[in-house]
Amino acid sequence: QVQLVESGGGLVQAGDSLILSCAASGRTFRSYTISWFYQTPGKEREFVAAHTWGSGSVYYAYYTDSVKGRFTISRDNAKNTVYLRMNSLKPEDTAVYFCAATPRSCSGSGCYSGNQYIYWGQGTQVTVSS
């Protein structure tokens, strides 16, 4: 069982930065893919970024096109935490952000489907004003 707790959301202005954190329980954290999704009212959750493992204990990061160059996903295994640094925020980034975990690795668009993720956090609201 893995429990995920997001934090770091808030109200910011366009152009500002935020760092979201996803703290996970469980001793096998390092072998989980941890991803971020966002959801706006009336819409399905959409993929933002994934931090996944590969052979030789190498980690890989994948991003949806709309956040490439602005968002960075990273992991601290010692703290069982994954971070999403969000720079140059835009009003269209406004959403509830969720982190999700799966013991499966993924690659590229293979990380996008929410159906493969077993564990989800409760979400944290990010609001970007213009």
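This chain uses plain numbering: 1 for the first residue, then up along the sequence.
Pairs of residues two or more places apart, or lying in two chains, never qualify as disulfide (SG to SG under 2.5 Å) while including a residue from residues 25-69. Residue pairs meeting the disulfide (SG to SG under 2.5 Å) criterion with at least one partner in residues 64-100, sequence neighbours excluded, are Cys22-Cys99. Counting only residues at least two apart or in different chains, salt bridge (Lys or Arg N to Asp or Glu O under 4.0 Å) contacts with residues 41-51 are absent. Under the salt bridge (Lys or Arg N to Asp or Glu O under 4.0 Å) criterion, the residue pairs touching residues 60-88 are Asp65-Lys68, Arg70-Asp93, with sequence neighbours excluded.
Residues meeting the side chain to side chain donor-acceptor pair (under 3.5 Å) test with Ser88, sequence neighbours left out: none. With sequence neighbours excluded, the residues that form a side chain to side chain contact (heavy atoms under 4.5 Å, CB included) with Gln3 are Ser25. For Thr127, the side chain to side chain donor-acceptor pair (under 3.5 Å) partners are Gln125, not counting sequence neighbours. Shown here are the side chain to side chain donor-acceptor pair (under 3.5 Å) partners of Tyr60, two or more places apart in sequence or in another chain: there are none. Residues forming a ring pair (Phe, Tyr, Trp, His ring centres under 6.0 Å) with Trp53 (at least two apart in sequence, or on another chain): none.
With values rounded to the nearest 0.5 angstrom, Ser130 atom OG is found 10.0 Å from Glu92 atom CD.
Using a 4.5 Å cut-off between side-chain heavy atoms of Ile, Leu, Val, Met, Phe, Trp and Tyr, Ile118 falls into a hydrophobic cluster with Val2, Leu4, Val12, Leu18, Leu20, Phe29, Tyr32, Ile34, Trp36, Tyr38, Val48, Tyr63, Val67, Phe71, Ile73, Val82, Leu84, Met86, Leu89, Tyr97, Tyr119, Val126, Val128. Grouped by direct or indirect side-chain proximity (heavy atoms under 4.5 Å, Ile/Leu/Val/Met/Phe/Trp/Tyr only), Tyr83 sits with Ile19.
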Under 3.5 Å, which donor-acceptor pairs do the side chains of residues 101-108 form with other protein atoms, sequence neighbours left out?
unit_1 : atom_1 : unit_2 : atom_2 : d
Thr102 : OG1    : Arg104 : N      : 3.2
Thr102 : OG1    : Gln116 : O      : 3.1
Ser107 : OG     : Tyr62  : OH     : 3.4

Derivation of the side-chain contact (heavy atoms from CB on, under 4.5 Å) call for Thr33 and Ser35: CA-CA 6 Å; Thr33 293; Ser35 295; 3.8 Å; yes
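The backbone N or O of Gln122 lies less than 3.5 Å from a partner atom in the side chain of Glu6, making a donor-acceptor pair.
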